[in-house]
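Here the structure is a predicted model, which means the values were calculated and not measured.
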Amino acid sequence: MADITIIEGAGVDAIADWLAGRLVAPGAVTIPGGSTPFPILSALIATGEVEWIGRAVWPNDDRIVPEDHEASNTGKIRALLAPEGADVVALAEDADPPHFALTWLGMGPDGHIASLFPNTDPQIGDARAVRRLTPDPLPAHAPFDRITLTIPALVDTDALLFTLGGAADKRAVFEAAVRGANDLPVARLMKAARARGIPVTAFA
């Protein structure tokens with residue numbers, strides 16, 4: 001059984017401190033896009049406790065836009081971490097993701113993780129590590145096709161971290177997924193993580 005820890009009320013600095021403690025050893029990481037991770041990443045960089053030089057950093061997913069587009073996750077990650085020496089990897093359909101020291105995920109209120117939306121029917125046993133797909137409906141704030149790591153790639157990791165942003169609706173969906181009370185993408189990922197005994201930490 002996977003060890004699942006839910007931490008309430010933690011701010012940006014507390015999450016950054018948790019990450020600093022988790023990333024004391026070298027190893028690739030995959031991180032989410034959206035608005036939540038970037039203040040945390042900035043705080044993490046400010047601690048000076050993580051060695052970024054040579055560390056591979058993969059986005060969980062991205063919008064199919066140029067890196068200099070405001071909607072590009074990779075572009076934002078590169079702007080923060082490349083100056084620190086990180087090797088930021090843009091997703092490609094033929095990519096071969098590594099084993100991750102940490103998979104850090106966000107989650108939408110519909111239970112999507114990375115760009116694995118409910119309509120995409122993500123499979124625990126997907127034979128591919130990376131897929132290009134189209135969310136339906138397309139989010140109004142980012143109406144683009146996506147490229148994303150699949151469930152097998154995301155759970156090829158030593159640990160899972162979720163940052164839920166303090167939203168009650170997200171927490172309810174997440175807790176239902178932990179119980180196996182829904183079959184949303186996050187629940188499928190949690191099932192795969194549980195089978196592998198991967199520890200899960202969620203900042204709610």
Side-chain angles (χ1 to χ4, degrees), residues 23 25-34 36-38 41 50-108 110-139 141-163 184-193 195-196 198:
L23 298 178
V29 297
T30 178
I31 62 179
T36 299
F38 295 105
L41 278 173
V50 176
E51 178 58 74
W52 293 107
I53 295 174
R55 186 187 296 268
V57 178
W58 291 59
N60 302 162
D61 67 323
D62 211 345
R63 293 81 181 251
I64 306 295
V65 294
E67 277 196 26
D68 60 359
H69 192 287
E70 63 180 7
S72 171
N73 292 335
T74 306
K76 292 175 184 175
I77 293 168
R78 194 180 304 282
L80 273 177
L81 293 181
E84 303 299 318
D87 178 16
V88 179
V89 181
L91 290 181
E93 289 182 82
D94 60 352
D96 183 18
H99 176 81
F100 294 111
L102 176 69
T103 292
W104 173 10
L105 291 163
M107 188 199 75
D110 61 354
H112 84 262
I113 38 110
S115 280
L116 300 174
F117 288 78
N119 78 290
T120 67
D121 191 27
Q123 297 298 308
I124 291 175
D126 197 328
R128 297 182 62 179
V130 182
R131 284 193 178 273
R132 179 172 176 153
L133 43 78
T134 304
D136 183 18
L138 279 170
H141 67 282
F144 309 105
D145 282 356
R146 308 296 182 93
I147 190 165
T148 183
L149 296 176
T150 62
I151 289 176
L154 292 168
V155 299
D156 187 3
T157 186
D158 294 333
L160 279 164
L161 168 67
F162 285 88
T163 47
L184 295 172
V186 65
R188 297 182 184 186
L189 179 126
M190 293 297 292
K191 182 178 179 181
R196 290 171 172 247
I198 298 168

Is Asp68 reaching over with its side chain to a backbone N or O of Gly75, donor-acceptor style, under 3.5 angstrom?
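Side chain of Asp68 to backbone of Gly75: no pair is present.
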
Exercise. Keeping the roles fixed (side chain from Glu51, backbone from Ile53), state whether a donor-acceptor pair exists under 3.5 Å.
Key: yes

Let's go through Ile147 and Val130 carefully: what are the C-alpha distance in whole Å and the side-chain angles of both, what is the deciding distance for side chain to side chain contact (heavy atoms under 4.5 Å, CB included) to 0.1 Å, and is it a yes or a no? CA-CA 7 Å; Ile147 190 165; Val130 182; 3.6 Å; yes

Give, for atom [atom1] of [X] and atom [atom2] of [Y], the distance between the pair rounded to the nearest 0.5 Å.
| X | Y | atom1 | atom2 | answer |
| --- | --- | --- | --- | --- |
| Thr36 | Leu41 | OG1 | CG | 11.0 Å |
| His99 | Asp156 | NE2 | CG | 5.5 Å |
| Lys191 | Ile124 | NZ | CD1 | 5.0 Å |
| Lys76 | His69 | NZ | NE2 | 10.0 Å |
| Trp104 | Leu23 | CH2 | CG | 9.5 Å |

Determine the minimum heavy-atom distance between [X] and [Y], stating which atoms define it.
| X | Y | answer |
| --- | --- | --- |
| Pro97 | Leu149 | CG-CD2, 3.7 Å |
| Pro66 | Ser72 | O-CB, 3.5 Å |
| Ala114 | Thr148 | CB-OG1, 3.2 Å |
| Ile151 | Pro122 | CD1-CB, 4.0 Å |
| Ala71 | Val65 | C-CG2, 4.1 Å |
| Thr103 | Leu154 | OG1-O, 2.8 Å |

Quick one: does [X]'s side chain get under 4.5 Å of [Y]'s, heavy atoms only?
| X | Y | result |
| --- | --- | --- |
| Asn73 | Arg63 | yes |
| Leu80 | Phe38 | yes |
| Arg131 | Arg146 | no |
| Ile31 | Leu102 | no |
| Thr74 | Leu91 | no |
| Phe117 | Asp136 | no |

Please check if any side-chain donor atom of Thr150 sits under 3.5 Å from a side-chain acceptor atom of Asp126, or the reverse.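 Side-chain D/A pair, Thr150 to Asp126: absent.
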
Set out, in order, the CA-CA distance, both residues' side-chain angles and the distance that settles side chain to side chain contact (heavy atoms under 4.5 Å, CB included) for Leu105 and Leu189, then state yes or no. CA-CA 11 Å; Leu105 291 163; Leu189 179 126; 4.0 Å; yes

Checking side chain to side chain contact (heavy atoms under 4.5 Å, CB included) for the pair Leu133/Leu116: CA distance, chi angles, key distance, verdict?
CA-CA 9 Å; Leu133 43 78; Leu116 300 174; 4.3 Å; yes

task: Count the heavy atoms belonging to other residues, nucleotides or ligands that lie under 6.0 Å from CD of Glu70, then report whether that count exceeds 12.
output: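 Incorrect, the count does not exceed 12.
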
Practice problem: Flag the pair Asp121 and Arg188 as a salt bridge only when some basic side-chain nitrogen lies within less than 4.0 angstrom of an acidic carboxylate oxygen. | Solution: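 A salt bridge links Asp121 with Arg188.
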
For this session: Before accepting this row, confirm whether a basic side-chain N of the pair Arg55/Glu84 lies closer than 4.0 Å to the acidic partner's carboxylate O.
Result: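 Salt bridge: no.
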
